[in-house]
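Right, one structure below, let's go through it.
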Number of protein chains: 2
Amino acid sequence: MVERLAPDQRDAELARLHGWKLERNGDAIVKTFQFKDFSEAFAFMTRIALAAEKANHHPEWSNVWNKVTIALTTHSAGGLTAKDIALAAGIEKIAAAQDRS
Amino acid sequence: MVERLAPDQRDAELARLHGWKLERNGDAIVKTFQFKDFSEAFAFMTRIALAAEKANHHPEWSNVWNKVTIALTTHSAGGLTAKDIALAAGIEKIAAAQDRS
């Protein structure tokens, strides 16, 4: 089982990500991504879904037309773990690839 | 532009749907669907995304692993319209097809 990150580890990892905010007393990270339209937003979600399923670690997320808000936490560990950081980094790569297209 | 449903129309339409609840002072309908796992939940979302894009009318929705919560409203009309009822009916068909598989 993956272990919850200590606050100093968590802050160091967060500093390497871009624009993710701590929520739920530091137990989750959250970011909202905006796209041109629904089609772009759902394409983004689809790529994340594949990555999440492969990693067996899934986001809590919502979508309203061109906006996607993603919260990452590890329920089994009761907070943030390396799995969340890895998924956040993967999501950033997917977002960056889409922005360039 | 599509017009907001009058309360009696709205209630008659709602009676033909299954398990949708009025929220936001009667201006939105909301339902949560539960599946076996994330893969089933995202398959459901993908079919809805295609239907929504085709109809040019999109849900406000969230997903946590095997659960998908969907809110339907028509922003341009400031409430519920025939577009929401049609999308809700389409979503029910998609859910039913998936439950049978």
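The chains referred to below are lettered A, B, ... by the order of the sequence lines, with proteins before strands, and numbering in each begins at 1.
Expressed to the nearest 0.5 Å, how far CG of B:D37 lies from NE2 of A:H58 amounts to 8.0 Å.
Taking a 6.0 Å sphere around CG of B:N25, one finds it holds 12 or fewer heavy atoms contributed by other residues, nucleotides or ligands.
At a threshold of 4.5 Å between side-chain heavy atoms, the hydrophobic network of Ile, Leu, Val, Met, Phe, Trp and Tyr places A:V30 and A:F33 in two separate groups. A chain of hydrophobic side-chain contacts below 4.5 Å, direct or via other Ile, Leu, Val, Met, Phe, Trp or Tyr residues, connects A:W65 to A:V68. Taking hydrophobic clusters as Ile, Leu, Val, Met, Phe, Trp and Tyr residues chained together by side-chain heavy-atom distances below 4.5 Å, B:I94 shares a cluster with B:I29.
Of residues 45-56 of chain A, those residues lying under 4.5 Å from chain B by any heavy-atom pair are A:M45, A:T46, A:A49, A:E53.
Of all the listed residues (A:T69, A:V64, A:N63), the one sharing the greatest number of non-hydrogen pairs under 4.5 Å with chain B is A:N63.
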